[in-house]
**Student:** 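Right, I'll just put the structure down here and ask away after.
A quick note: this is a predicted structure, and the numbers were derived from the prediction, not measured. Atoms considered below: every heavy atom in the structure, side chains included; atoms not considered: hydrogens, waters and symmetry mates. Indexing begins at 1, ligand by ligand and atom by atom, following the structure's order.
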Amino acid sequence: MKIEGNQKELDAMAEFHKGNRQEGLKLQEEFAAEFREEYKDKDHCPCQKACRYHGNCKECVAIHRAHQEHVPNCMRPILNQKIKLLSELTEHTIAKEIEPPHEVLRKEFQE
Ligand code: SF4
């Protein structure tokens, strides 16, 4: 089961945007039920960092809400998609002004 860009969730959002709240909620619950079943015993967290809170969304989100610096790792692609669009406004020259920080990854993701 694909989480990012899941078709059922995309359909749910389309229903919400059309004002069909009940249909949106129904599709959303179908997605959540599928997710619950599929990820009962499987890792759902795409974060590659060496972190003791891996997959523990409750504590991970609380930590990010508390320090207010950035969002949980799994949210990066969503925000980067939007930032990329905005970055086009300056022909991506912001790339010359920034550099991502070094991150400590889990062993399987280290080069
Ligand atoms: S909220 Fe944190 S723990 Fe949950 S999936 Fe995202 S990065 Fe992983």
**Student:** With H54, which of R106, K49, Q48 fulfils side chain to side chain donor-acceptor pair (under 3.5 Å)?
**Tutor:**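 Going through the options one by one, the only one that passes is R106.
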
**Student:** Quick one: does N20's side chain have a donor or acceptor within less than 3.5 Å of a partner on E23's backbone?
**Tutor:**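 Flag not set: sc N20 to bb E23 has no pair under 3.5 Å.
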
**Student:** Applying side-chain hydrogen bond (donor to acceptor under 3.5 Å, both in side chains), can you list everything that pairs with R65, at least two apart in sequence or on another chain?
**Tutor:**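 Partners of R65 under the side-chain hydrogen bond (donor to acceptor under 3.5 Å, both in side chains) test: none.
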
**Student:** At distances under 2.8 Å, what protein N, O or S atoms surround atom 2 (Fe) of ligand 1?
**Tutor:**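 Result, waters dropped: C60 SG.
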
**Student:** Which residues pass the side-chain hydrogen bond (donor to acceptor under 3.5 Å, both in side chains) test with N80, sequence neighbours left out?
**Tutor:**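 If we apply the side-chain hydrogen bond (donor to acceptor under 3.5 Å, both in side chains) test to N80, skipping adjacent residues, there are no hits.
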
**Student:** Suppose the criterion is ring pair (Phe, Tyr, Trp, His ring centres under 6.0 Å): which pairs have a residue in residues 92-111, not counting sequence neighbours?
**Tutor:**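 Matches after skipping sequence neighbours: none remain.
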
**Student:** Please check if the number of heavy atoms outside K42 that lie under 6.0 Å from its NZ is greater than 12.
**Tutor:**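 For K42, atom NZ is crowded (more than 12 foreign heavy atoms under 6.0 Å).
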
